[in-house]
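Let me begin by presenting the structure, written as structure tokens, before commenting on it.
Protein chains get the first letters and strands the later ones, always in sequence-line order, with residue 1 at the start of each.
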2 protein chains.
Amino acid sequence: MVARSNDATAEVDRLFRALADGTRRDIVRRTLTREATVSELAASYDMSFAAVQKHVAVLERAGLVTKHPQGRERLVRGNPDAIRRAQALLDRYEDIWRGRVERLDALLADEDT
Amino acid sequence: MVARSNDATAEVDRLFRALADGTRRDIVRRTLTREATVSELAASYDMSFAAVQKHVAVLERAGLVTKHPQGRERLVRGNPDAIRRAQALLDRYEDIWRGRVERLDALLADEDT
DNA sequence: TGAACGTGCAACCATATGGTTGTATATGGG
DNA sequence: CCCATATACAACCATATGGTTGCACGTTCA
């Protein structure tokens, strides 16, 4: 009976969940190179403005993008730190597989680093 | 209007979606070091056998684990290749952010490599 | 052979998700 | 000041998800 579902776990859930949608991944990709307003993003996809706005909100909650008010617009900017956080998590799995995990409790620990 | 939602996209959706659950991540972690039967896994979590069996099925569809029949049991084995596939995808985002993407169309391409 | 075990799967339920439309609020420009 | 624009958010709907219980089926073994 492994101890689970702490705050860190919920955070990781949100991170991977946010990445599990093509439109959202596209938004992240776009805003990593150049920030864009919500309207600009919305124009790119075949769905309502509100739908895109919701996707941005999901990404923001997951930490994958940040929003920066600029007058009446919000500049959406991809957050490379969140990407690296996801990478770090996957790296842990690689480590586990390669038996590179030194402390035994690291095997039991989830993402609460 | 970016072209989206091809087969590769659906596959990536499944991959990240599968990782967006703590119980499933735990199963992956466990089975990366040592294969386990579905029953053994089920004993570890505070939910029904069927629930765990469903989680394993989700992981299997995402390619994160493979199942190997052994008599009446199924040995569940974590698949490091799927982890690496996820890593490769995230690496692409890093590359994009660092402006390391050479071909311009790589910016538009999603995960259909 | 028959009982117990391991697994898969269907049916069901509550809640979450991803979309819609409509409305409210704030900002910018004429 | 008014109007158009940019965003946010609520209400609603269909479908997906994550859990449950119950049953069917193959395998092991006494």
Checklist entry - Taking the side chain of B:V38 as heavy atoms from C-beta outward, which of D:dT27, D:dT17, C:dT7 is closest to it? => result C:dT7

Under 3.5 Å, sequence neighbours excluded: what are the donor-acceptor pairs made by side chains of residues 54-63 of chain B?
| from | atom 1 | to | atom 2 | distance (Å) |
| --- | --- | --- | --- | --- |
| B:H55 | ND1 | B:R24 | NH1 | 3.2 |
| B:E60 | OE1 | B:K67 | NZ | 3.4 |

Checklist entry - Rounded to the nearest Å, what distance is computed from the CZ atom of residue B:R24 to the P atom of nucleotide D:dG18? => result 4 Å

Item to check | Protein-nucleotide distance (B:R74, atom CZ; C:dC5, atom C1'), rounded to Å | outcome: 13 Å

Checklist entry - Starting at CZ of B:R72 and ending at P of C:dA3, how long is that distance when rounded to a whole Å? => result 16 Å

Item to check | Check: B:T37 main-chain N/O paired with B:E40 side-chain donor or acceptor under 3.5 Å | outcome: yes

Checklist outcome for this item: Rounded to whole Å, the CG-P distance (A:L59 to D:dA8) equals 13 Å

Checklist outcome for this item: Among the nucleotides D:dT21, C:dT7, D:dC9, whichever has the atom closest to the side chain of B:S48 is D:dT21

Next on the checklist: Can you identify which nucleotide, out of D:dG19, C:dT7, C:dG19, has its nearest atom closest to the B:M47 side chain?
Outcome noted: D:dG19

Checklist outcome for this item: Checking D:dT7, C:dC9, C:dT20 against the side chain of B:Q53 (C-beta onward), the nearest is C:dC9

Checklist entry - Can you check the A:I27 CD1 to C:dG18 P distance for me, whole Å? => result 12 Å

Item to check | Length of the CD-P vector between A:Q70 and C:dT27, whole Å | outcome: 13 Å

Checklist entry - Out of D:dT21, C:dG19, C:dG6, which nucleotide sits closest to the side chain of A:H55? => result C:dG19

Item to check | Gap between atoms CZ and C1', on A:F49 and D:dA4 respectively (whole Å) | outcome: 14 Å

Checklist entry - Can you tell me if the side-chain N/O atoms of B:K67 get under 4.0 Å from OP1 or OP2 in C:dG8? => result yes

Checklist outcome for this item: A:A51 has its side chain closest, among D:dA8, C:dT20, D:dG18, to C:dT20

Item to check | Earlier contact from the 5' end, DNA chain D, for A:L75 and B:V58 | outcome: A:L75

Next on the checklist: Pairing donors with acceptors under 3.5 angstrom, does anything connect the side chains of B:R25 and A:T9?
Outcome noted: no

Checklist outcome for this item: Closest heavy-atom pair, B:W97 versus A:L32, reported as atoms and distance to 0.1 Å, is CD1-O, 3.4 Å

Item to check | B:E73 CD to D:dT27 P, straight-line distance once rounded to whole Å | outcome: 13 Å

Checklist entry - Is it true that B:R98 and B:D95 have a side-chain N and a carboxylate O under 4.0 angstrom from each other? => result no

Checklist entry - Quick one: on DNA chain D, does A:R17 or A:E40 contact a more 5' nucleotide (nearest heavy atom)? => result A:E40

Next on the checklist: On DNA chain C, does the nearest nucleotide to B:E60 precede the nearest nucleotide to A:A50 from the 5' side, or the other way round? Give the residue.
Outcome noted: B:E60

